[in-house]
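The structure appears right after this line, and notes come after that.
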Amino acid sequence: MKNRLVAQLFEEIADLLEIKGENPFKARSYRRAAQAMEALTRDVEELAAQGALLEIPGVGEALEGKIREIVATGTCRYLEDLRRSVPPTLLELLALPGVGPKTVATLYSTLGVQCLADLEVAAREGRLREVRGLGAKKEQAILEGLRMAKTRAERAPLGSVLPLALELMESLKQVPGVLKLSLAGSLRRCRETVRDIDLVAASDSPQELMAAFTSHPLVAEVLSQGDTRSSVRLHGGRQCDLRVVGEEEFPAALMYLTGSKEHNIRLRERARARGLKLNEYGLFREEDGARLDAGAEEEIYRLLGLPFITPELREDAGELEAAEAGRLPPLIAAEGVLGDLHVHSAWSDGVDTLETLAEAARARGYRYLAICDHSRSLTVARGLSPERVWAQWEEIEGLNRRWQDFRLLRGTEVDILKDGSLDHPADLLRAADVVVGSVHSHFRLDPEAMTARVVRALSSGLLDILGHPTGRILGYREPYALDLEAVIRAAAQAGASLEINASADRLDLKDADARRAREAGVLLALGTDAHSQAGLYDMALGVGVARRAWLGPQDLLNSWPAGRLVETLRSRRKGQAGP
DNA sequence: GCCGTTTTCGGCCCGACTGTTTTCAGTCG
């Protein structure tokens with residue numbers, strides 16, 4: 001897969017073009033194509049081989065040639081020429097807040113600034129304020145930005161930011177005059193990581209809300225403050241923006257602030273083509289400026305000739321084309337998840353009893369919960385021997401007599417050992433209700449060995465679900481070196497599912513990979529990997545990933561009733577000798 | 001550099017806020 005590489009090089013070209021002050025629309029073309037490349041569910045090399053690159057939206061003849069060149073050589077001459085004409089270290093400067101391409105160009109041409117270190121020296125010596133268009137404040141802001149860059153809050157996992165956002169929102173809802181308040185931005189779109197928190201409100205007394213916001217105890221610093229928009233930095237470094245509008249304007253404001261930017265641009269272009277104008281205040285007729293009434297986002301989409309597009313899909317990743325053609329998929333919803341397929345109990349490294357977990361699951365409305373404790377090789381997690389698994393399953397049988405409408409599933413999370421064999425005997429695995437298999441050791445195998453290991457485990461026919469398939473931990477551990485395409489093919493071949501591990505720090509598979517897996521005919525399975533009853537709440541994050549992956553009920557094991565689920569999985573495993 | 005209900009050239013999303021200006025450019029979302 002060279003999709004990411006092509007995207008990165010196109011982004012770099014766009015940055016360099018902007019710094020050079022060339023036609024901004026040309027830069028935008030490269031950016032759009034980079035976006036399209038990231039969103040592509042197919043391998044760009046494959047498309048190149050088939051001569052199908054022009055089908056990618058935003059790719060014309062010129063970019064087609066450059067993609068071919070990058071796929072073949074890893075770079076392209078056009079970019080190499082640009083790098084020679086502009087010091088590529090200038091790109092570092094764009095990361096500073098308040099510094100864009102024009103400022104970078106000015107700094108370079110007037111002061112000879114080529115990199116962050118040059119800039120810091122110039123700013124300290126007070127030379128920035130001498131430059132026309134800059135000033136003392138800008139100089140201060142840049143010094144501050146340089147300082148912050150060293151400790152800056154980068155993108156953080158969705159699950160770690162969401163509680164903070166909800167806390168802030170709950171308290172702002174209490175401010176008099178607030179009519180509506182919603183999350184927006186990448187949080188609302190359920191992106192796996194978020195940079196900042198976007199809130200949008202409708203209020204009768206905006207000043208009061210703004211005052212409450214900027215003086216909130218969670219706020220460390222006010223970055224900008226206006227009548228309709230303010231930005232703050234919260235304690236801990238995360239930025240939060242609040243936009244306040246009138247009630248009538250709320251749907252358009254919510255839509256605009258939810259983004260993504262690319263999705264918005266496409267919608268505005270669409271509005272223009274229909275003699276309309278879309279901005280954050282509403283949808284208007286171009287000719288007389290008259291507002292078209294819209295009480296909700298759904299109405300705005302309808303007025304643009306589209307069905308409602310759910311926030312999770314708003315990435316300009318084909319959702320507008322699908323909406324236009326009436327081919328938006330039905331998406332899984334929280335209520336459609338009948339059970340959690342990966343949970344740990346106190347039998348291994350969890351903290352809660354089977355009974356506690358079962359009651360917590362029943363309280364969530366689940367019909368089943370799969371208890372999948374670790375196997376014996378994972379000694380740090382007090383992994384279970386086969387004998388202990390049998391004993392646990394007996395307890396489960398006993399508990400299950402209590403409920404008519406709910407069932408604990410007798411599962412295991414069996415370790416996939418270094419050579420791809422499984423850490424439990426085949427007869428035990430054949431007898432289980434659900435078998436999750438995961439890699440928990442020897443993370444640093446070379447890609448061929450790691451891929452062979454996982455493929456062998458899948459090919460055993462004894463795995464129902466490959467747990468956290470890439471092993472990544474957000475912000476902490478990169479995915480294992482692994483040929484995911486080969487793993488997806490092996491899962492399809494074996495009729496096994498891939499997990500969307502919903503744990504806040506995993507979200508593995510991620511959205512784009514889950515979408516690819518589905519397109520290869522693989523079913524997905526949602527599991528929180530919870531180690532306590534509180535962990536069951538992470539299912540909301542997993543549902544977000546599944547929706548962003550365009551998955552519907554038909555694509556997820558969790559939408560099957562317990563009876564069908566267990567029968568199907570067990571009959572598949574029956575007669576398999578194992579690895 | 002792309003693209004077509006503006007259709008092969010001439011457009012390309014739109015507005016808030018800041019800082020440096022004295023009417024606006026740059027940045028950001």
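Just so it is clear: chains get the letters A, B, ... in the order the sequence lines come, proteins before strands, and each one is counted from 1. None of these values were measured; they are calculated from a predicted model.
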Point to revise | Full working for side chain to side chain donor-acceptor pair (under 3.5 Å) between A:D529 and A:N501 | key: CA-CA 7 Å; A:D529 208 347; A:N501 188 295; 3.0 Å; yes
Could you check which of [options] has an atom nearest any side-chain atom of [X]?
X	options	answer
A:Y281	B:dG29, B:dG19, B:dG15	B:dG15
A:F25	B:dG1, B:dT27, B:dA16	B:dG1
A:E269	B:dG1, B:dG29, B:dC13	B:dC13
A:K137	B:dC12, B:dG19, B:dG15	B:dG19
A:S224	B:dT18, B:dC14, B:dT27	B:dT18
A:D198	B:dC2, B:dC12, B:dG29	B:dG29
A:R28	B:dT18, B:dG15, B:dC13	B:dC13

Review point. How are the rings of A:F10 and A:Y30 set to each other: parallel, tilted or perpendicular (split at 30° and 60°)?
Key: perpendicular
Distance, [atom1] atom - from [M] to [N], rounded to whole angstrom:
N	M	atom1	answer
B:dG10	B:dC17	C1'	32 Å
B:dC28	B:dC9	C1'	32 Å
B:dG11	B:dT6	P	13 Å
B:dT21	B:dA16	P	24 Å
B:dT8	B:dT20	C1'	43 Å
B:dG4	B:dG15	P	24 Å
B:dC12	B:dT22	C1'	31 Å

Please confirm whether the shortest side-chain N or O distance from [X] to OP1 or OP2 of [N] is below 4.0 Å.
X	N	answer
A:R270	B:dC13	no
A:K66	B:dG1	yes
A:R229	B:dG15	no

Compare every heavy atom of [Y] with every heavy atom of [X], then report the nearest pair and how far apart it is.
X	Y	value
A:G74	A:L9	O-CD1, 3.6 Å
A:A33	A:G58	CB-O, 4.1 Å
A:V178	A:K173	CB-O, 4.2 Å

Would you indicate what [X] reaches in the nucleic acid, counting non-hydrogen atoms under 4.0 angstrom: base, sugar-phosphate, or nothing?
X	answer
A:A136	sugar-phosphate
A:K261	base
A:L134	sugar-phosphate
A:L63	sugar-phosphate
A:L278	sugar-phosphate
A:N264	nothing
A:T103	sugar-phosphate
A:R243	sugar-phosphate

Would you mind reading off the distance between [X] atom [atom1] and [N] atom [atom2], rounded to a whole angstrom?
X	N	atom1	atom2	answer
A:E321	B:dC3	CD	C1'	14 Å
A:L276	B:dC14	CG	P	11 Å
A:L257	B:dC13	CG	P	19 Å
A:L96	B:dG26	CG	P	18 Å
A:L143	B:dG19	CG	P	15 Å
A:K138	B:dA25	NZ	P	15 Å
A:E61	B:dG1	CD	P	12 Å
A:R195	B:dC28	CZ	P	11 Å

Exercise for review: Check if the side chain of A:Y256 and the base of B:dG15 share a donor-acceptor pair of N or O atoms closer than 3.5 Å.
Suggested key: no
Exercise for review: Kindly say whether, by distance alone, the side chain of A:D196 makes a donor-acceptor pair under 3.5 Å with the base of B:dG29?
Suggested key: no
Check your understanding: Should A:T310 and A:L331 count as side-chain neighbours, where that means a heavy-atom distance under 4.5 Å?
Key -> yes
Study note, to complete from the structure: Re B:dG4: Watson-Crick or G-U wobble partner, both distances kept under 3.5 Å, found to be B:dC9
Check your understanding: Which residue lies toward the 5' end of DNA chain B, A:E280 or A:P101, if each is placed at its nearest nucleotide?
Key -> A:E280
Practice item. Specify the residue among A:R274 and A:Q225 whose closest nucleotide of DNA chain B lies further upstream toward the 5′ end. Key: A:R274
Check your understanding: Roughly how far, to the nearest 0.5 Å, is CG of A:L107 from NZ of A:K138?
Key -> 9.5 Å
Review point. Would a distance-only check, ignoring hydrogens and angles, find a side-chain to backbone donor-acceptor pair under 3.5 Å from A:D513 to A:L509?
Key: no
